[in-house]
Amino acid sequence: MLNSLRQINFVYKIFVMKAITRKFYNQPTLIVAQKLLGKILCRKVGNKVLKGKIVETEAYTQEDPSCHAYRGVTERSKTLYEAPGTVYVYFTYGMHYCMNIVTEKKGRGCAVLIRAVEPLQETEFGTNGPAKLCKAFSITKEQNGIDCTSDESEIWVEDNGDIEKANIVQTVRVGIKLAADYPWRFYIKDNKWVSKK
């Protein structure tokens with residue numbers, strides 16, 4: 001009986017995933033942007049948990065003219081300077097929300113934009129773009145500043161292994177004017193949920 005209980009407990013531990021730790025996000029932003037591919041974005045809404053595999057990301061650092069931290073700390077950008085693993089949500093074009101996760105050490109002003117996920121449950125909205133993703137996962141400014149490294153968080157990322165480098169496409173970012181030639185966008189090759197190929 002005791003051995004059976006141990007086996008059940010072992011299986012349970014294998015299948016119960018936990019939030020990726022702060023150490024993961026405390027790395028160079030371009031590395032985190034690539035390593036997030038294939039990981040599982042989770043969003044708790046009421047008694048339901050929405051999940052999607054991250055298939056497209058973009059990197060932003062404070063030296064980058066297109067990053068909100070480029071001009072220093074402002075009311076809008078202050079979340080970017082928080083601890084790695086902090087969720088940064090901003091409002092754009094007067095109608096859309098976009099979700100990022102802060103990277104590198106506290107005070108640096110860097111983040112990875114989650115551009116698209118492959119939904120693991122049925123959703124009435126698309127998830128192939130940062131605004132669509134936020135709509136599908138009910139992410140607004142209310143979630144700005146959340147610590148996604150906590151298992152008690154309403155937003156977190158679970159490990160799901162690493163995508164092989166041969167299956168990662170690196171290219172320029174989209175939807176920006178400044179530093180548009182930086183090859184800081186990454187996506188999973190041949191994935192149909194990528195916003196733009």
Side-chain angles (χ1 to χ4, degrees), residues 9-45 47-64 67-69 73 77-90 97-121 127 130 133-134 137-165 167-168 170 184-188 191:
N9 191 41
F10 176 69
V11 171
Y12 177 76
K13 283 181 179 176
I14 288 175
F15 289 104
V16 174
M17 292 183 171
K18 296 206 168 196
I20 290 174
T21 64
R22 197 174 308 286
K23 183 179 178 182
F24 173 87
Y25 301 104
N26 192 16
Q27 300 183 77
T29 305
L30 270 72
I31 289 175
V32 178
Q34 294 173 74
K35 286 190 170 184
L36 275 170
L37 293 175
K39 304 294 190 281
I40 308 300
L41 175 66
C42 306
R43 165 79 167 108
K44 187 176 182 183
V45 183
N47 60 358
K48 186 163 68 171
V49 176
L50 304 172
K51 294 191 175 190
K53 182 169 77 173
I54 299 171
V55 298
E56 183 182 2
T57 61
E58 285 182 348
Y60 290 87
T61 71
Q62 66 180 22
E63 298 84 14
D64 167 14
C67 180
H68 295 165
V73 181
S77 71
K78 63 184 181 182
T79 306
L80 280 169
Y81 296 88
E82 293 299 326
T86 302
V87 173
Y88 169 54
V89 182
Y90 65 88
Y97 294 100
C98 295
M99 191 198 98
N100 305 253
I101 302 178
V102 174
T103 55
E104 304 191 28
K105 66 181 182 180
K106 185 173 182 178
R108 265 282 293 149
C110 306
V112 172
L113 171 68
I114 310 300
R115 277 199 61 87
V117 303
E118 177 182 330
L120 300 181
Q121 293 122 320
T127 57
L133 184 162
C134 283
F137 278 64
S138 298
I139 295 171
T140 68
K141 285 281 282 184
E142 290 292 315
Q143 283 67 53
N144 184 51
I146 283 176
D147 177 8
C148 75
T149 67
S150 168
D151 291 327
E152 304 300 316
S153 178
E154 60 188 83
I155 297 177
W156 69 98
V157 177
E158 295 174 348
D159 199 354
N160 192 37
D162 292 328
I163 301 295
E164 291 184 13
K165 286 211 167 185
N167 293 321
I168 296 176
Q170 180 174 1
W184 287 6
R185 181 165 67 103
F186 305 90
Y187 65 83
I188 297 176
N191 188 282

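These numbers come from a predicted model, not from an experiment. Just so you know, residue 1 is the first one in the sequence shown, and it goes up from there.
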Quiz prompt | From CD1 (Ile114) to CD (Glu56), nearest 0.5 Å | solution = 10.0 Å

Exercise. Can you sort out the partners of Tyr60 under side chain to side chain donor-acceptor pair (under 3.5 Å), two or more places apart, ordered by chain and number?
Key: Glu58

Practice problem: Using side chain to side chain donor-acceptor pair (under 3.5 Å) as the criterion, list what pairs up with Glu104, not counting sequence neighbours. | Solution: Thr29, Arg108

Quiz item: Heavy-atom distance under 4.5 Å between the side chains of Thr57 and Arg185, does that happen here?
Solution: no

Quiz item: How far does CG of Leu41 sit from CG of Leu50, to the nearest 0.5 angstrom?
Solution: 9.0 Å

Practice problem: Only counting residues at least two apart or in another chain, list the ones meeting side-chain contact (heavy atoms from CB on, under 4.5 Å) with Ser150. | Solution: Asp147, Glu152, Ser153

Practice problem: Could you pull out all residues at least two apart from Lys141 that satisfy side-chain contact (heavy atoms from CB on, under 4.5 Å)? | Solution: Tyr97, Asn144

Quiz item: Closest approach of Gly52 and Val117, non-hydrogen atoms and distance?
Solution: C-CB, 4.0 Å

Quiz prompt | Listed partners of Lys53 passing salt bridge (Lys or Arg N to Asp or Glu O under 4.0 Å), at least two apart | solution = Glu118

Self-check item: Lys51 side, atom NZ; Phe137 side, atom CZ - distance, nearest 0.5 Å
Solution: 10.5 Å

Self-check item: Side-chain heavy-atom pair Tyr81, Thr86 within 4.5 angstrom cut-off
Solution: no

Self-check item: NZ on Lys35 to CD1 on Ile54, rounded to 0.5 Å
Solution: 14.0 Å

Quiz item: Is any side-chain heavy atom of Phe24 closer than 4.5 Å to a side-chain heavy atom of Leu36?
Solution: yes

Practice problem: Please name all residues satisfying side-chain contact (heavy atoms from CB on, under 4.5 Å) with Asn26, sequence neighbours left out, ordered by chain then number. | Solution: Pro84, Lys105

Quiz item: Do any N or O atoms from the side chain of Glu82 and from the backbone of Thr79 form a donor-acceptor pair under 3.5 angstrom?
Solution: no

Self-check item: Closest contact, heavy atoms only, Val49 versus Cys42
Solution: CG1-CB, 4.2 Å

Exercise. Could I get the full list of side chain to side chain donor-acceptor pair (under 3.5 Å) partners for Lys78, not counting sequence neighbours?
Key: Glu75

Quiz item: Is any side-chain N of the basic residue among Lys18 and Glu158 closer than 4.0 Å to the acidic one's carboxylate O?
Solution: no

Self-check item: Crowding at CD, Glu164 (>12 non-hydrogen neighbours, <6.0 Å)
Solution: no

Quiz item: Is the shortest heavy-atom distance from the side chain of Asn100 to the side chain of Leu113 under 4.5 Å?
Solution: yes

Exercise. Could I get the full list of ring pair (Phe, Tyr, Trp, His ring centres under 6.0 Å) partners for Tyr88, not counting sequence neighbours?
Key: His68, Tyr90

Quiz item: With sequence neighbours excluded, what pairs up with Asn167 under the side chain to side chain donor-acceptor pair (under 3.5 Å) test?
Solution: none

Quiz item: For the residue pair Gln143 and Val87, what are the closest heavy atoms and their distance?
Solution: O-CG1, 3.7 Å

Practice problem: Under the side-chain contact (heavy atoms from CB on, under 4.5 Å) rule, collect the residues that match up with Glu142, sequence neighbours excluded. | Solution: Thr140

Practice problem: Taking all heavy atoms of Leu80 and all of Ala111, pick out the closest pair and write down the distance. | Solution: CD2-CB, 3.4 Å

Self-check item: Gap separating the NZ atom of Lys48 from the OG atom of Ser138, nearest 0.5 angstrom
Solution: 8.0 Å

Quiz prompt | Residue pair Ile20 / Trp156, side-chain heavy-atom distance below 4.5 Å | solution = no

Self-check item: Heavy-atom check, side chain of Tyr25 versus side chain of Val157, under 4.5 Å
Solution: yes

Quiz item: Which distance, rounded to the nearest 0.5 Å, do you find between the CD1 of Ile188 and the CD1 of Ile163?
Solution: 4.0 Å

Quiz item: Shortest non-hydrogen contact from Gln27 to Lys23?
Solution: CG-O, 3.9 Å

Quiz prompt | Taking every non-hydrogen atom, the tightest pair across Val89 and Met99 | solution = CG2-CG, 4.1 Å

